[in-house]
Amino acid sequence: MLTLNCGMYIPPIGFGTYKISGREGVATIKAAIDIGYRLFDTAFVYGNEQVLGQAFREQISEGKVKREDLFVVSKLGPAYHRPARVEQGCLLSLERLELDYIDLYLMHTPVAIKDLGDGNDRSEIDDEVTPVETWKALEECQRKGLVRSIGVSNFNGKQLKEIIAVGNIRPVVNQVEYSVGFHQAELRKICEQEEVLVMAYSPLGKPKPGKEHNFLDSPGLKEMTVKYGKSPAQISLRYLIERGTIPIPKSSNADRMKENLDVLNFRLEKCHLEVLESLVKQRRSMHLDWLKTSKYYPY
């Protein structure tokens with residue numbers, strides 16, 4: 001377990017749920033719990049909070065897990081950034097998840113969008129709302145016990161520091177794209193200085209068959225598979241853990257789910273950590289293009 005700056009404990013690796021949906025999604029989440037995952041990451045805009053809620057309810061009722069054993073992460077929808085709407089967005093997530101509280105609630109982006117009726121429309125940026133205003137309303141959600149901790153996602157270093165400077169509650173996490181192929185050294189350093197943990201989405205990049213320069217195909221990484229008896233993906237996830245980040249890999253394949261979780265029983269030698277640090281740097285794969293017209297666009 002890792003310790004957040006608020007004193008809460010959090011598992012060192014989680015399960016990503018982006019694009020997991022329907023009855024098949026419920027089965028996937030239940031399987032992940034059976035395999036041993038306890039940290040689950042979702043978001044209002046993923047549209048699958050109900051899926052996780054159903055899976056949690058069924059597993060808890062069957063005695064497979066207790067609520068206090070689960071660490072649930074969700075994120076505020078960008079259409080709910082206006083201070084008067086933040087609690088409503090949080091309550092909607094709680095209703096969908098069928099939970100009394102969310103362990104960690106993140107501001108999904110520093111950019112707000114205008115509410116055009118469905119809470120998900122991304123067509124109009126709302127730059128009248130500042131990230132600081134939204135953050136202060138998130139603090140109220142924590143004070144009321146709706147969430148146990150709060151953090152941010154897709155924030156750059158400057159934006160993170162601004163939140164810390166004016167807020168009364170320090171973010172516990174900044175969830176960003178982070179992998180061996182795209183390790184954001186400068187941002188990680190800022191987060192370390194501010195005692196904010198990095199949670200890594202896309203921790204294995206965006207591997208595609210035949211794609212050149214994918215870090216999972218790096219000769220340096222493949223050489224380590226022989227020494228450690230682990231796959232390139234496992235070594236990559238272990239690297240992130242040893243760098244103090246929390247990877248949240250996503251998979252619906254049971255064997256891959258098990259493999260991704262089986263990274264807590266070995267350590268990488270310092271020389272191999274240095275090799276992984278020096279691997280070819282890939283470009284950002286998640287650009288959040290729909291935010292580009294905002295003055296709060298983080299990249």
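All of these numbers come straight from a predicted model, not from anything done at the bench.
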Do Y297 and W290 belong to the same hydrophobic cluster, where Ile, Leu, Val, Met, Phe, Trp and Tyr are linked whenever their side-chain heavy atoms lie under 4.5 Å apart, directly or via other members? yes

Once you round to the nearest 0.5 Å, how far does OG of S74 lie from CG of D103? 11.0 Å

For the ring pair F40 and F56, is the centre-to-centre distance below 6.0 Å? yes

Hydrogens and angles aside, do K230 and N265 bring a side-chain donor and acceptor to less than 3.5 Å of each other? yes

D127 meets the salt bridge (charged side-chain N to carboxylate O under 4.0 Å, His left out) criterion, sequence neighbours left out, with none

Is Q159 reaching over with its side chain to a backbone N or O of N156, donor-acceptor style, under 3.5 angstrom? yes

Within residues 19-39 or reaching into it, pairs that qualify as ring-ring contact (aromatic ring centres under 6.0 Å, His included) - sequence neighbours excluded: F15-Y37

V198 side chain near I246 side chain, heavy-atom distance below 4.5 Å: no

Would the number of heavy atoms belonging to other residues, nucleotides or ligands and lying under 6.0 Å from CD of E62 be above 12? yes

Looking at Q175 and M199, would you say the former's side chain and the latter's main chain have a donor-acceptor pair under 3.5 Å? no

Is S294 reaching over with its side chain to a backbone N or O of I125, donor-acceptor style, under 3.5 angstrom? no

Can a donor-acceptor pair be found between the side chains of R85 and Q88 at a distance below 3.5 Å? yes

For I169, is there any backbone N or O sitting under 3.5 Å from a side-chain donor or acceptor partner on W135? yes

Among K161, R170, K158, find the residue that satisfies the salt bridge (charged side-chain N to carboxylate O under 4.0 Å, His left out) test when tested with E194. R170

Carboxylate-amine/guanidinium contact E58 K64, below 4.0 Å: no

Assess, by modelled atom type and distance only, whether the side chains of Y178 and R188 contain a donor and an acceptor separated by less than 3.5 Å. yes

Is it true that R67 and D100 have a side-chain N and a carboxylate O under 4.0 angstrom from each other? no

Would you compute the distance between atom CZ of F71 and atom OG of S149 and round it to the nearest 0.5 angstrom? 4.5 Å

Under 3.5 Å, is there a donor-acceptor pair linking the side chains of E49 and T42? no

Check: E133 side chain, P83 main-chain N or O, donor-acceptor pair, under 3.5 Å: no

Using a 3.5 Å distance criterion without hydrogens, assess whether the side chain of N154 forms a donor-acceptor pair with backbone atoms of P298. no

Whether the side chain of H81 engages the backbone of V129 through a donor-acceptor N/O pair (distance < 3.5 Å, no angle test) should be reported. no

Please work out which of the three classes, parallel, tilted or perpendicular, describes the rings of F266 and Y228, given edges at 30° and 60°. tilted

Hphob cluster co-occupancy, Y296 + L288, side-chain heavy atoms under 4.5 angstrom: yes

Mark yes or no for whether E177, through its side chain, and S285, through its backbone, hold a donor-acceptor pair below 3.5 Å. yes

Is there a donor-acceptor pair closer than 3.5 Å between any side-chain N or O of N48 and the backbone N or O of V51? no

Flag the pair Y46 / F44 as yes when their ring centroid distance falls below 6.0 Å, and as no otherwise. no

Treating T17 as the side-chain partner and D41 as the backbone partner, does any N or O pair qualify as donor plus acceptor under 3.5 Å? yes

